[in-house]
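Quick notes on the structure that follows.
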Amino acid sequence: MTPALELRNVTRLYPGEPPIRALDGVDLRIDPGEMIAIVGPSGSGKSTLLNIMGTLDRPTSGDVLIDGIDTASLGDRQRSGLRSGRLGFIFQSFHLLEGMRVVDNVANGLLYRGIDRSTRLKRAREALELVGLADRAATRPPKLSGGQRQRVAIARALVGDPALILADEPTGNLDSQTSEDILELLEDLNAHHGATIAIITHDLEVAERIPRRINVRDGRVEDTAAPPPIPVEVPA
Amino acid sequence: MRRPTRSTTRSRLRLRDRFGTGLSGLGSRPGRTLLTALGIALGIASMVTVVGISSSSKADLLAELDALGTNLLQVRPGQSLFGDEAVLPTDAATMLRAVPTVLDAVGVTSISGDVTRNEHDDDPYGLSVVATDGRLVDVLQLELASGRSIDAETQSLPVAVLGAVAAERLAIADASGGPTVTIDSVKFQVIGILKPHALHPDLDRSVLIGEAHARDDLGIDPNHSAVYVRVEPSLIEESRPILARTANPVSPNEVEVSRPSDALEAQTKVDQNLQNLLLALGGVALLVGGVGIANIMVISVIERRSEIGLRRALGATRGHISSQFVIEAAALSTLGGALGLGMGVAATWIYADSQGWSLAIPVQALLAGIAAALAIGAFAGLYPATKAARLDPADAVRPHG
Ligand SMILES: Nc1ncnc2c1ncn2[C@@H]1O[C@H](COP(=O)(O)OP(=O)(O)O)[C@@H](O)[C@H]1O
Ligand SMILES: [Mg+2]
């Protein structure tokens with residue numbers, strides 16, 4: 001099976017005296033259908049890792065393969081094409097376009113694929129259905145609660161049926177009940193719709209619900225999946 | 001390992017969506033959009049107004065010239081070979097009337113004489129005296145403000161017809177009631193007052209008397225200082241040399257044939273300098289408008305950093321981002337241009353209306369205005385668009401960048 005994502009010995013240095021080693025020899029593999037949590041303290045390199053996984057950033061050294069495609073030699077158009085075709089992003093601050101209707105925001109997930117508008121809107125409505133916001137399609141984001149906004153962003157990330165959804169602190173701006181709801185939604189999308197999801201979080205409560213966790217510390221990762229996961233304790 | 005192929009990995013943005021994304025930014029900030037477009041609007045408006053007013057006035061003048069007839073030629077004595085003032089033969093007007101392409105001809109003779117209101121009046125009014133016959137009104141298409149003109153009946157009587165300016169200076173408003181003027185202490189009865197005449201402003205300052213009266217009673221040589229000739233409209237140029245030869249068969253080179261309407265038409269071109277200056281000012285306004293757009297767009301790029309990051313994450317290429325901002329700037333500017341056209345046409349219309357002209361703005365000027373606005377906007381958008389496209393996407397998606 002082609003991994004959804006593979007990182008091989010990825011290092012990212014930021015310029016400085018001495019250079020900041022934001023990622024240091026990271027190996028990581030995510031298979032289709034997996035859901036993983038990337039955890040670690042603030043400044044440990046989680047966002048850097050996610051940006052590199054999402055081809056928004058390039059590693060200083062090492063390989064990044066997405067859906068089996070080596071990204072090293074790709075130019076801007078092809079890297080952008082990978083993002084439009086195979087990746088979905090969810091951000092802490094939602095990144096919705098405030099002047100656009102909810103359904104148009106979701107349809108933007110397909111904008112850079114060259115799909116015609118009516119098809120985009122049709123699929124956007126289906127995605128809104130999945131996140132339980134079908135009735136808010138014509139609303140504009142300023143009228144939505146934080147949880148609803150993040151659902152819109154989730155719908156936008158999954159509307160293109162990407163090989164991998166990357167979420168950077170998706171519950172970072174939400175209260176705990178809403179966080180719980182959002183996490184449940186993501187778990188449901190993973191379990192019942194086959195979405196492959198990597199969630200960055202420094203919220204341990206969130207992280208603990210996800211069986212596979214990647215711990216990031218000072219740019220190095222420790223994968224709870226390799227060595228094989230510690231058997232989950234089944235409550236009596 | 002799967003190899004990337006064009007079809008699976010290239011981003012694509014449909015043409016419609018390119019424009020859609022370019023326009024989406026404008027609607028979300030209508031106030032700013034309008035204010036920014038205003039700079040371009042003022043520039044285009046001033047240029048359209050300058051062109052519109054000048055072409056409306058020109059159209060009006062040309063219409064007036066047409067009405068007066070561009071087939072009027074003036075035959076005057078020029079200079080002799082030795083540089084002396086030449087004279088026209090006395091029978092020049094009669095001879096000219098016999099030319100087949102000549103519809104009619106009339107001679108005028110300048111007479112030196114002081115025109116005053118009465119014999120006790122010695123104010124200088126700066127008026128000239130012209131002797132002519134009854135044909136003058138027809139040939140020059142003169143119109144009377146009141147009374148009658150020199151004609152077959154009156155040309156041998158001691159009567160005078162005043163030009164519009166002459167009447168005003170002599171404070172004679174009406175020919176009825178028998179007003180009189182004196183020319184070198186000889187009394188003349190004023191029988192008519194002319195309307196101002198665009199082609200012959202010198203007639204406005206003249207007092208006309210009958211040629212027969214001047215010759216028979218005042219003993220003045222009817223040495224025509226000019227002969228006005230109406231020629232066949234389709235044969236104007238061909239007639240010119242014939243007129244010179246006919247007026248003075250002995251020395252045709254001592255005859256000047258000119259067309260008064262040419263001089264008037266040339267006057268419209270004198271205003272070209274002023275027009276160019278105003279156009280240049282409009283150009284400066286456009287330039288300032290363009291800089292304003294570039295400025296606002298740079299600010300917009302900074303403000304919309306997270307939108308740019310989002311679009312990059314959604315798969316926009318650098319090219320998609322830059323075209324979005326170029327289109328936005330061009331649209332902003334074109335909006336201003338359209339606004340400016342409206343303002344310019346309205347201003348021209350109001351001015352033309354106040355002058356009693358009809359509106360005449362060349363369509364090319366309007367198209368050029370819109371094209372200029374579009375080009376300026378696209379150019380102004382280039383720098384901010386490049387800035388937007390060069391934003392590091394990883395940086396742009398970070399919170400509070
Ligand atoms: N653009 C950058 N330039 C320089 N240093 C950076 C940049 N982005 C992140 N860093 C540094 O890299 C390290 C990892 O940052 P980040 O990936 O944002 O961590 P996290 O998301 O875990 O909080 C931090 O020390 C941060 O200061
Ligand atoms: Mg982070």
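Numbers restart at 1 for each chain; the letters A, B, ... are given by sequence-line order, proteins then strands.
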### Task
Considering only NZ, NE, NH1 and NH2 on the basic side and carboxylate oxygens on the acidic side, decide whether A:R29 and A:D27 come within less than 4.0 Å.
no
### Query
Considering all heavy atoms of both residues, which atom of A:I30 and which atom of A:A198 are nearest to each other, and what is their separation?
CD1-CB, 4.2 Å
### Message
Tell me which of these, B:S306, B:G27, B:S24, B:A316, has more heavy-atom pairs under 4.5 Å with chain A than the rest.
### Response
B:A316
### Message
Are the side chains of B:D17 and B:L15 in contact, using a 4.5 Å heavy-atom criterion?
### Response
no
### Task
Could you check if a side-chain atom of B:I40 sits within less than 4.5 angstrom of a side-chain atom of B:L286, using non-hydrogen atoms only?
yes
### Query
Do the charged groups of B:R312 and B:E307 touch, with an N to O distance under 4.0 Å?
no
### Message
For a quick test of reading the model, state the closest non-hydrogen atom pair linking A:F89 to A:G54 and the distance between them.
### Response
CZ-O, 3.4 Å
### Query
Is there any residue in residues 36-49 of chain A with a non-hydrogen atom under 4.5 Å from a non-hydrogen atom of chain B, and which ones are they?
A:S47, A:T48
### Task
Please look at B:R311 and chain A and tell me whether the side chain, the backbone, both or neither of the residue comes under 4.5 angstrom of a heavy atom of that chain.
both
### Query
Which of the residues A:I115, A:L87, A:L50 is involved in the greatest number of heavy-atom pairs with chain B at under 4.5 angstrom?
A:I115
### Query
Listed by residue number, which members of residues 160-170 of chain A have a heavy atom under 4.5 Å from any heavy atom of chain B?
none
### Task
Anything in residues 359-394 of chain B with a heavy-atom distance to chain A below 4.5 Å? Please list those residues in order.
B:D392, B:P393, B:A394
#### Entry: Test item: A:R151 and A:I182 side chains (from C-beta on) under 4.5 Å apart, heavy atoms
yes
### Message
Taking 4.5 Å as the heavy-atom cut-off, does anything in residues 94-113 of chain A contact chain B, and if so which residues?
### Response
A:H95, A:L97, A:M100, A:N108, A:G109, A:L111, A:Y112, A:R113
### Message
Between A:R156 and B:L310, is there a side-chain heavy-atom distance shorter than 4.5 Å?
### Response
yes
### Query
For A:R58, is it the side chain, the backbone, both, or neither that has a heavy atom closer than 4.5 Å to a heavy atom of chain B?
neither
### CZ (A:R220) with more than 12 external heavy atoms under 6.0 Å
no
### Partner chain B: residue of A:G75, A:G114, A:G172 with the largest heavy-atom pair count (under 4.5 Å)
A:G114
### Query
Does a sphere of radius 6.0 Å around CG in A:D63 hold more than 12 heavy atoms from other residues, nucleotides or ligands, not counting ones at 6.0 Å or beyond?
yes
### Message
Between A:V221 and A:L28, is there a side-chain heavy-atom distance shorter than 4.5 Å?
### Response
no
